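Please read the structure below before turning to the comments.
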Amino acid sequence: MALVDDQALFRAGVRMLVESQADLEVAGEAGDGVAAVDLAARARPDVMLMDVRMPLQDGIAATERIIADADRDGRPPPRILVLTTFDLDENAARAIRAGASGFVLKDADPEFLLAAIRTVHQGNQVIAANATRQLFAHVGRGSGRRPAPAAWSELTPREREIFALAARGLSNGEIAASEYLSEATVKTHVSRILAKLSLRDRVQLVVFAYQHDLAG
């Protein structure tokens, strides 16, 4: 994994935490968005922790560039976790729309940060922060609600039910218990929903829900 933050002391603390884990390794560090793009292309880390406010290029623009470069080169992009604070909620959501896999708060417990890194490395998303619903609701109010696209009508009634639960941040297991389905069935429904709506992952599903007033 790679660390991107303009505060050297913060990077040093995270590096010490990560390198204390037998299954994690720091592939490199960067102090601004431009250096982050170069680091992603050169080191090709599996996961990047990306700060939002940085000199030269912010984390949102860097995230967009990193993912675009990977798509252009035909290689998988790193899973990007945005580092944010409560006063950067809208920027965090913008980064997620740019392709990030989720966000973690800078004052998160070390155990949560490590779990988040492992979660996105496994191909999942981190959207379970306590303030997720409020954060995206704020973004929805700030950007204005838009009518749902035509693709929304392609979802079956069951898929819309699953969508609403996923938009509330429920896990596959929680949805399965609520709807009396197997986790495998829920996973299949979620995959179909993402494909029909052209969404990258469940994080973008949450953003989509609030953008189009579908959060329920």
Side-chain angles (χ1 to χ4, degrees), residues 1 23 40 44-50 60 63-64 66-82 92-104 112 115-133 135-137 139-140 145-216:
M1 62 155 295
D23 61 331
R44 299 192 179 183
D46 296 319
V47 176
M48 297 187 79
L49 289 181
M50 179 77 70
I60 299 169
T63 295
E64 291 178 332
I66 288 168
I67 292 176
D69 285 355
D71 289 344
R72 180 199 63 203
D73 297 340
R75 53 182 170 82
R79 309 290 294 183
I80 297 178
L81 269 175
V82 176
R94 287 174 56 211
I96 288 168
R97 289 196 294 270
S101 295
F103 64 88
V104 292
F112 180 84
I117 293 170
R118 293 186 175 104
T119 296
V120 298
H121 180 261
Q122 293 168 358
N124 299 310
Q125 295 75 43
V126 176
I127 60 174
N130 291 335
T132 298
R133 185 177 179 87
L135 292 176
F136 287 114
V139 174
R145 307 294 180 135
R146 301 199 297 266
W152 173 252
S153 64
E154 298 178 9
L155 268 61
T156 66
R158 171 60 91 181
E159 287 171 346
R160 293 190 184 194
E161 292 176 6
I162 302 297
F163 175 96
L165 295 172
R168 287 165 47 195
L170 272 66
S171 67
N172 286 350
E174 291 169 332
I175 295 174
S178 173
E179 297 296 298
Y180 303 101
L181 300 170
S182 69
E183 286 195 44
T185 299
V186 172
K187 184 176 181 180
T188 297
H189 279 306
V190 171
S191 296
R192 288 175 179 169
I193 291 167
L194 296 177
K196 288 182 178 181
L197 299 179
S198 299
L199 301 174
R200 182 186 295 271
D201 51 39
R202 290 173 65 120
V203 178
Q204 290 194 344
L205 183 151
V206 175
V207 175
F208 179 95
Y210 280 103
Q211 283 179 325
H212 301 290
D213 200 15
L214 299 169

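Not measured: the values here are computed from a predicted model.
The line from CG of L194 to CD of E159 is 10.5 Å long, rounded to the nearest 0.5 Å. To the nearest 0.5 Å, atom CZ of residue R160 and atom OG of residue S153 are 7.0 Å apart. Residue R79 holds its CZ atom at 9.0 Å from CD1 of I67, rounded to the nearest 0.5 Å. Atom CG of L165 is separated from atom CD of E174 by 10.0 Å, given to the nearest 0.5 angstrom. The CZ atom of F112 sits 8.0 Å away from the OG1 atom of T119 when rounded to the nearest 0.5 Å. Going from atom CG of L49 over to atom CD1 of I117 covers 4.5 Å, rounded to the nearest 0.5 Å.
Counting only distance, with no hydrogens or angles, the side chain of S191 and the backbone of K187 share a donor-acceptor pair below 3.5 Å. Under a 3.5 Å cut-off, the side chain of R44 and the backbone N or O of P76 do not form any donor-acceptor pair.
Here the closest heavy-atom approach between residue G99 and residue T63 is recorded as C-CG2, 4.3 Å. The minimum heavy-atom distance linking A209 with A167 is given by the pair CB-CB, 3.6 Å. Minimum heavy-atom separation, S101 to V120: CB-CG1, 4.0 Å. The shortest non-hydrogen separation linking V104 to A116 is CG1-CB, 3.6 Å. When every heavy atom of V82 is checked against every heavy atom of A100, the shortest pair comes out as CG2-CB, 3.6 Å.
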- Check against side-chain contact (heavy atoms from CB on, under 4.5 Å), I175 and L181: CA-CA 8 Å; I175 295 174; L181 300 170; 5.6 Å; no
- Task: Just do the side-chain contact (heavy atoms from CB on, under 4.5 Å) check on E179 and V186 with the steps written out, would you?
- Result: CA-CA 9 Å; E179 297 296 298; V186 172; 5.9 Å; no
- Task: Could you walk me through whether D23 and R118 pass side-chain contact (heavy atoms from CB on, under 4.5 Å), step by step?
- Result: CA-CA 9 Å; D23 61 331; R118 293 186 175 104; 2.8 Å; yes
- Message: Using the rule given for side-chain contact (heavy atoms from CB on, under 4.5 Å), can you reason through L197 versus L155, listing the C-alpha separation, both sets of side-chain angles and the distance that settles it, and then say yes or no?
- Response: CA-CA 9 Å; L197 299 179; L155 268 61; 3.9 Å; yes
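Partners of E161 by side chain to side chain donor-acceptor pair (under 3.5 Å), not counting sequence neighbours, listed by chain and number: R158.
Contact of the S198 side chain with the F208 side chain is not registered, since no non-hydrogen atoms from C-beta on lie closer than 4.5 Å.
The local environment of CZ in R192 is sparse, with at most 12 non-hydrogen atoms from other residues, nucleotides or ligands closer than 6.0 Å.
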